[in-house]
> 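I'd like to ask some things about the structure below.
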Amino acid sequence: MYSEKVMQHFKTPKNLGKLEHYDAVGQVGNASCGDVMYVYIKVENDAIVNIGFETMGCAAAIATSSMVTEIAKGKTLTEAKKITRDTISKELGGLPPLKEHCSNLAADALQEAIKNYESKKQ
Ligand code: FES
């Protein structure tokens with residue numbers, strides 16, 4: 001039911017784990033399934049130079065977390081703000097309809113991390 005790309009990211013996730021040095025963190029949870037995701041970012045010159053994640057969740061949640069970190073790494077904060085669940089799902093070759101909400105979690109965790117960073121800067 002999962003695309004090959006989803007399986008790849010689930011089995012060998014990229015950027016897995018909390019960063020030792022990070023500037024901000026985004027935490028989101030899905031009340032209906034109970035899954036939780038953390039995205040850590042390190043920012044330099046308004047760009048995401050390093051990113052890591054911790055996810056306690058389903059296979060799709062792990063694959064979407066991995067993919068969102070891949071897409072966001074190296075992007076400016078302005079570019080990263082444009083990353084949505086659709087961006088993630090498309091890059092993964094689609095998700096089963098029942099698992100679409102998992103990509104929401106990944107996109108939201110990234111956006112929360114950016115918000116957290118910007119709120120600290122003020
Ligand atoms: Fe909850 Fe996938 S089932 S994030």
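Quantities reported herein were computed from a predicted structural model and do not represent experimental measurements. Atoms within a ligand are numbered from 1 in the order they appear, just like the ligands themselves.
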> For a side chain to side chain contact (heavy atoms under 4.5 Å, CB included) with Leu110, tell me which candidate from Ile71, Thr69, Ile48 qualifies.
Ile48
> If you link I, L, V, M, F, W and Y whenever their side-chain heavy atoms are under 4.5 Å apart, who else ends up in the same group as Met37?
Val28, Leu105
> Under the side chain to side chain contact (heavy atoms under 4.5 Å, CB included) test, which residues partner Lys121, sequence neighbours left out?
Asp46, Tyr117
> Report yes or no: do Leu77 and Tyr40 belong to one cluster of Ile/Leu/Val/Met/Phe/Trp/Tyr joined by side chain heavy-atom distances under 4.5 Å?
no
> Only counting residues at least two apart or in another chain, list the ones meeting side chain to side chain contact (heavy atoms under 4.5 Å, CB included) with Glu44.
Lys42, Val49
> Please determine, by modelled atom types, if Asp86 and Thr84 share a side-chain donor-acceptor pair under 3.5 angstrom.
no
> What protein atoms of element N, O or S are positioned under 2.8 Å from atom 2 (Fe) of ligand 1?
Cys58 SG, Cys102 SG
